[in-house]
Amino acid sequence: MDKPELPPPELQRVKLDQHDSVRSHVQQQVCDEVQRLECRIETLRLTKAPHAAIMISTYERMISRKKGFLQNWDL
């Protein structure tokens, strides 16, 4: 019994970014991550941790990149 021939892999690829459910899920996940990072920043600002400034700066860069991702993908 012969197996049916499948199209080449490049023709089988699904562009997930074109599906609203995937886009919505990714947007929600990234927005939740941004919110958590913003809360961490506020907590760090209230503490006198020795490396708080470095951690805040790092979190701010992460937030900037995540917001840039959302903007680039029109999410």
Side-chain angles (χ1 to χ4, degrees):
M1 182 175 234
D2 290 338
K3 291 184 181 179
E5 291 214 17
L6 295 174
E10 63 272 1
L11 298 178
Q12 293 179 354
R13 289 201 180 113
V14 175
K15 296 184 180 200
L16 291 176
D17 63 308
Q18 292 179 354
H19 297 281
D20 288 338
S21 61
V22 174
R23 291 175 63 80
S24 175
H25 176 74
V26 170
Q27 179 186 26
Q28 187 61 53
Q29 288 294 112
V30 175
C31 287
D32 289 349
E33 291 171 13
V34 167
Q35 187 176 16
R36 282 193 296 273
L37 289 169
E38 289 172 340
C39 287
R40 288 181 186 176
I41 289 172
E42 289 308 312
T43 301
L44 284 169
R45 286 194 172 128
L46 298 173
T47 64
K48 301 295 180 192
H51 302 293
I54 294 169
M55 293 168 65
I56 289 170
S57 175
T58 301
Y59 289 156
E60 287 173 340
R61 279 196 313 275
M62 291 170 69
I63 288 170
S64 177
R65 288 182 179 166
K66 289 177 186 293
K67 287 182 175 180
F69 171 83
L70 291 172
Q71 187 175 18
N72 287 340
W73 284 91
D74 295 324
L75 296 175

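The model shown is predicted, which means the values in this text are computed figures rather than measured ones.
Rounded to the nearest 0.5 angstrom, Leu46 CG and Ile41 CD1 are separated by 12.0 Å. Taking NE2 from His51 and CD1 from Ile56, the interatomic distance works out to 13.0 Å, rounded to the nearest 0.5 Å. For the atom pair Tyr59 OH and Thr43 OG1, the distance stands at 9.5 Å (nearest 0.5 Å). A distance of 9.5 Å separates CD in Glu33 from CZ in Phe69, rounded to the nearest 0.5 Å.
With hydrogens and angles disregarded, a donor-acceptor distance shorter than 3.5 Å links the side chain of Arg23 to the backbone of Trp73. Side-chain atoms of Ser57 do not come within 3.5 Å of backbone N or O of Ala53 as any donor-acceptor pair. Proximity of a side-chain donor or acceptor of Ser24 to a complementary backbone N or O of Asp20 within less than 3.5 Å is not detected.
The cluster map of Ile, Leu, Val, Met, Phe, Trp and Tyr, joined by side-chain heavy atoms under 4.5 Å apart, puts Ile54 and Leu44 in different clusters.
The two atoms that bring Leu70 and Cys31 nearest to each other are CD1-SG, 4.0 Å, heavy atoms only.
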For this session: List the steps and the verdict of side chain to side chain contact (heavy atoms under 4.5 Å, CB included) for Val30 and Leu75.
Result: CA-CA 10 Å; Val30 175; Leu75 296 175; 6.0 Å; no
For this session: Please test Lys67 against Glu38 for salt bridge (charged side-chain N to carboxylate O under 4.0 Å, His left out), starting from the C-alpha separation and ending with a verdict.
Result: CA-CA 12 Å; Lys67 287 182 175 180; Glu38 289 172 340; 3.7 Å; yes
For this session: Show the numbers, then the answer: is there a salt bridge (charged side-chain N to carboxylate O under 4.0 Å, His left out) between Arg45 and Glu60?
Result: CA-CA 12 Å; Arg45 286 194 172 128; Glu60 287 173 340; 3.0 Å; yes
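Remark: of the listed residues Arg61, Lys66, Glu42, Lys66 is the sole one forming a side-chain contact (heavy atoms from CB on, under 4.5 Å) with Leu37.
Residues passing the side-chain hydrogen bond (donor to acceptor under 3.5 Å, both in side chains) test with Gln35, sequence neighbours excluded: none.
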